[in-house]
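Proteins come first, then strands; the chains are lettered A, B, ... in the order of their sequence lines, and each starts at number 1.
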Amino acid sequence: MRTAFILSASQAIHAAIVANEAEIESLDRAIGDGDHYVNMRRASEMIASMQSELDDQPVDVVLNKIGMKLLSTLGGASGPLFASFFMAMGKTAKENGHESLLQTAAAFAAGVQAIIQRGKAGLGEKTMLDVLIPASTTFTTLAAQDKPAKEIAEALKKTADEGLESTRNLIATKGRAAGLGERAIGHLDAGAKSCQVMIHTVCDLVLKG
Amino acid sequence: MRTAFILSASQAIHAAIVANEAEIESLDRAIGDGDHYVNMRRASEMIASMQSELDDQPVDVVLNKIGMKLLSTLGGASGPLFASFFMAMGKTAKENGHESLLQTAAAFAAGVQAIIQRGKAGLGEKTMLDVLIPASTTFTTLAAQDKPAKEIAEALKKTADEGLESTRNLIATKGRAAGLGERAIGHLDAGAKSCQVMIHTVCDLVLKG
Amino acid sequence: MKKFLNKVDNMLVESLSGFGTAHADLVSVNFEPTFVTRKNKAKNKVVLISGGGSGHEPLHAGYVGKGMLDAACPGQVFTSPTPDQMLAVAEATHADKGVLFIVKNYAGDVMNFEMAAEMLPFEHATVLTSDDCAVINSTYTTGRRGVAGTVIVEKCVGSLAETGADLQTCKALGDKINQRTASIGVALTSCTVPANGKPTFDISETELEMGVGIHGEPGRRREAMREADAIVGDMVAAIVADFTAKNLPLKGEILLLVNGLGATPLMELYLIYNTAAKLLGAHGCQIARSLVGNYTTAIDMAGASITVCLLDEEIKQHWDSEVHTPALRWGC
Amino acid sequence: MKKFLNKVDNMLVESLSGFGTAHADLVSVNFEPTFVTRKNKAKNKVVLISGGGSGHEPLHAGYVGKGMLDAACPGQVFTSPTPDQMLAVAEATHADKGVLFIVKNYAGDVMNFEMAAEMLPFEHATVLTSDDCAVINSTYTTGRRGVAGTVIVEKCVGSLAETGADLQTCKALGDKINQRTASIGVALTSCTVPANGKPTFDISETELEMGVGIHGEPGRRREAMREADAIVGDMVAAIVADFTAKNLPLKGEILLLVNGLGATPLMELYLIYNTAAKLLGAHGCQIARSLVGNYTTAIDMAGASITVCLLDEEIKQHWDSEVHTPALRWGC
Ligand SMILES: Nc1ncnc2c1ncn2[C@@H]1O[C@H](COP(=O)(O)OP(=O)(O)O)[C@@H](O)[C@H]1O
Ligand SMILES: Nc1ncnc2c1ncn2[C@@H]1O[C@H](COP(=O)(O)OP(=O)(O)O)[C@@H](O)[C@H]1O
Ligand SMILES: [Mg+2]
Ligand SMILES: [Mg+2]
Ligand SMILES: [Mg+2]
Ligand SMILES: [Mg+2]
């Protein structure tokens, strides 16, 4: 993982969020409060605009700065969660390095752990974690097996798709949909959708490059 | 004019107002404030329910009581106007009698005069007076010529229709539509419509009887 | 139409009953005839009575109390109250200093109050409010409509009456404030009279009604929906032009009232206030007093009105004095 | 969607600017980061800070002032504010007695305030409000939502803080009131988040959403629209059941708050109040205090919530004490 990659990923993510407006927005309207798309758009735009400020910074600094910026621009439930993700990722990248795929997978795993800690949720609660936890497992497993980046990218996209789809038939026990009981069934989770979109975007960059 | 006739007219008027709900209501919605039908329904229902109280009363007392009751149940612009009409009619009936058609026409004319005085409006201001003033003229003229009741009734219906229709292309200078300027053009006046309905109803009773 | 109601014919009685219970410390509600009176009325003061069709809440019943109205006569929704209400309430509240009616200038209100006044066996006077400058050509009309500016008249005359001022002095202050006040409203949606069950007018997603009345009466023009700044700019311009036409140039200290018509979020009202305050400031006014909220509504209309009152020391003093009513309270 | 706004991204700033100008005697508004602070703050008191997504006005900024909050952090519409706002405002307002955060129990609000609290270099505590009893099965949820009952917490803890009480005493009162308060809301129409431009949920002319959240989150059930008495009956029953479930039987003196969600006419709120007061009276409650109006809204939703707070002498005393904020004022 290198700064240039993170920066082009942040541009691509902003574009991908905007491209998925209709779906992200309607998911949070259906079982949430309808602000998730707008928040993601505002925050991803903000991150994309940090290009010049981050250009020549080391990876861990870049990740941490992204986390801090998310903390102060995203808001809502996803704000502290995504912020914690990037800050923890930066911390691990600094401590353990970030050159190899395995190091990157470890940083990703640390990010997901930070979300779990902050939000006190786990798998199967109909949140973004239903995409992120399996993705982290896939990433770490394949990186440990020394699989090539493109194979890992394909596998991550598939895991993200499955994770997103798994939220459909869940009852939510965390977040705004938690009051809904059975009524949440049949709807995908908005945060899980954003994560799936972002994972796809980053993986597509890897596949293209 | 006799008490029994007034009482059956009041029943018939209540029914006729209800039967014309859609039109009366939509006219006051278009260039007024939308309450005219409800007010007329409430008031005519109230008058119709006074049957037993008015049964054996002289004509002038009946007219005056109707006026008083309208004054306290109708409200809005039409309340004081219709109330004044009936009270003035009762007064004239008492002073000048009410047996002949000419006496009845005189009482009617006194009622219309009372409306003019109370509302300070005249012909051509897009109000109920555009029906009532011509109707009064027709009534008085034909009664003075000793025309039979049924002929007068037919003529009054026609006059009322024309009067109502005349309000269509007027600008309002009194009442709630007065602020509208040109925008009132093309709409009939709601109060004129109620008057036309009431005149038709009473005339039809005469024609049937 | 979806509304919280049982039988539509009982709506007013049930609502007023709730109002009476919720504010039992301040007001009493009477039925047959319907009126609301102030508890703990000071003796020996001019009695202030207002009234009008319901659907404009908190106007007028919400302004009954210390430092404001002594009584209000609510009519049916959008229908003026009847003279028997005014006579009964005047009888119930008057002392020796006379009765002042505060009446919004609508044919129905005027005629009903007039008939009551004619029958009233004691001294009385009337202030007719007509602050709505939406109607441009005065040859079309018997006069301008009374809208949210009425609240300012009721507050300030209420304050004056509390000091023991006599009937003519109270009337004079009311007339002066009315003269120094202009309002204009805009609707984004229609109101729905409960008994009708359908919107009073149709309006599309791309239109607004400039100069709408508080009963949903059509206004100056149907216009294209546009940015708030442009809408507020036109409203402020209409108000400024009205003062100019009255030979009362709008400068110096003003009271700025941004009023919601019933379904407009407070967030939007403050946004309107923001623009209006800037424009009026640039015009040379100092916004010495402000009021933002739902003070004179049109049932469930999404829309807002702007009211400007040109202050002087007397008006300012009476605006600031203690008031304690269900809908307006300060200083105590 | 028709709203009074210019660019949707500027809506919050423009609205808060108007709010700041209209209430310049009471509050200051800061941007980057966004917060609202009280002018003339008493020294040497626990600092009360609340905040949450915008769209619930007058909550919370409208409750900043004497006897209530010292500061509020408004987030974007329906989006929790961010920790930098809370840190900056705590820095700007705190004295030596610590900071008390009053937070409505939503994952986003809780986490953002939590992160701020973790970074705060001085004494602090948090009251989490969770008065909404709409969500029946608590196994489904991380906890109940905080809704209109939050106003009662802010008012009473604000009063206590004004007396110089310490942080733990203030927190204890907040927790107690939250425990003794239950609310439930019902929607007749959806709200529309301005940035979305369309209603959050679809609902037909013949339906209502029972137990709706103040962000338009779905509630207990989609139900058939019916008479107000039947709707209110179910709401009151839910509240009574909630107190029973908490082993806190609902009898004796209560505060009854009937809250409009943004687009509900006052006339309907009083009608709801009328029925609720009768039912609660029949249940054995005395309605010792009442509040009817728009106090915790969901932008432009037509709907209402009922909140009951079981009073005791301490709560009553703090409810009655002087308060002077943009949206709540009495006693001064
Ligand atoms: N405790 C939690 N742990 C993990 N993810 C969560 C948690 N709570 C909420 N989320 C995620 O956040 C998403 C909603 O984010 P957003 O709409 O931005 O915030 P809010 O719910 O405050 O409006 C949900 O779809 C869900 O994926
Ligand atoms: N000054 C007036 N003279 C005669 N008729 C009038 C006058 N003002 C109003 N009207 C009549 O009253 C009708 C409206 O009555 P209504 O809807 O009951 O009262 P409001 O206008 O107060 O809502 C109008 O359609 C018009 O015919
Ligand atoms: Mg959301
Ligand atoms: Mg009418
Ligand atoms: Mg009317
Ligand atoms: Mg949110």
Side-chain angles (χ1 to χ4, degrees), chain C residues 1-7 11-12 14-19 21-23 54-55 57-58 62 77 188-189 205 208 225 227-229 231-232 256 258 262-277 287 290-294 297 299-300 302 304 324 326-327 329-332, chain D residues 1-7 11-12 14-19 21-23 54-55 57-58 62 77 188-189 205 208 225 227-229 231-232 256 258 262-277 287 290-294 297 299-300 302 304 324 326-327 329-332:
Chain C
M1 175 194 68
K2 277 198 287 186
K3 291 189 174 291
F4 292 101
L5 56 81
N6 296 300
K7 296 219 170 46
M11 190 175 183
L12 184 61
E14 292 176 17
S15 176
L16 279 173
S17 301
F19 173 82
T21 313
H23 304 291
S54 293
E57 292 69 25
V77 173
L188 304 189
T189 69
E205 270 296 305
L208 60 82
M225 182 62 192
E227 286 197 340
D229 281 356
I231 301 170
V232 174
L256 173 56
V258 174
T264 308
L266 203 44
M267 198 176 169
E268 295 176 42
L269 296 182
Y270 280 118
L271 190 146
I272 292 170
Y273 177 93
N274 188 48
T275 307
I287 307 188
S290 300
L291 198 64
V292 182
N294 292 350
T297 58
I299 314 181
D300 52 359
H324 187 178
R329 179 171 182 183
W330 54 71
C332 60
Chain D
M1 175 193 68
K2 276 197 288 185
K3 291 190 173 291
F4 292 101
L5 56 82
N6 297 300
K7 296 218 169 45
M11 190 175 183
L12 184 61
E14 292 176 17
S15 176
L16 279 173
S17 300
F19 174 80
T21 314
H23 305 291
S54 292
E57 291 71 25
V77 174
L188 304 189
T189 69
E205 269 296 305
L208 60 83
M225 183 61 193
E227 285 196 342
D229 281 356
I231 301 170
V232 174
L256 173 57
V258 174
T264 308
L266 205 43
M267 198 175 168
E268 294 175 44
L269 296 182
Y270 280 118
L271 189 145
I272 292 170
Y273 177 94
N274 188 48
T275 306
I287 307 190
S290 299
L291 198 63
V292 182
N294 292 350
T297 59
I299 314 180
D300 53 359
H324 186 178
R329 181 172 181 182
W330 54 71
C332 60

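How far CG of C:L271 is from CG of D:L12: 10.0 Å, rounded to the nearest 0.5 Å. Rounding to the nearest 0.5 angstrom, the gap separating the CG atom in C:L5 from the CD1 atom in D:I272 is 10.0 Å. Put simply, CE on C:M267 and CD on D:E57 are 5.5 Å apart, with the number rounded to the nearest 0.5 Å.
Using a 4.5 Å heavy-atom threshold, the side chains of D:F4 and C:L188 count as touching. Two residues are said to be in side-chain contact when any heavy atoms from C-beta on lie closer than 4.5 Å; D:L208 and C:K2 fail this criterion.
Looking only at distances, no side-chain donor or acceptor of D:N274 sits under 3.5 Å from a matching main-chain atom of C:S15. Between the side chain of D:E227 and the main chain of C:K7, no donor-acceptor pair closer than 3.5 Å is present.
Options C:E14, C:H324, C:M1 differ in how many heavy-atom pairs under 4.5 Å they form with chain D, and the most are formed by C:E14. Chain D forms more heavy-atom pairs under 4.5 Å with one residue of C:A327, C:S290, C:G293 than with any other, namely C:S290. Interface check for chain D: of the options C:S17, C:G55, C:G62, C:A22, the most heavy-atom pairs under 4.5 Å are formed by C:A22.
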Exercise. Could you walk me through whether C:H23 and D:Y270 pass the ring-ring contact (aromatic ring centres under 6.0 Å, His included) test, one step at a time?
Key: CA-CA 10 Å; C:H23 304 291; D:Y270 280 118; 5.5 Å; yes
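Heavy atoms closer than 4.5 Å to chain C are found in both the backbone and the side chain of D:A304. With a 4.5 angstrom heavy-atom cutoff, C:M225 touches chain D only via side-chain atoms.
Here the options are D:N294, D:I299, D:V77, D:T297, the test is side chain to side chain contact (heavy atoms under 4.5 Å, CB included), and the partner is C:P265; only D:I299 passes.
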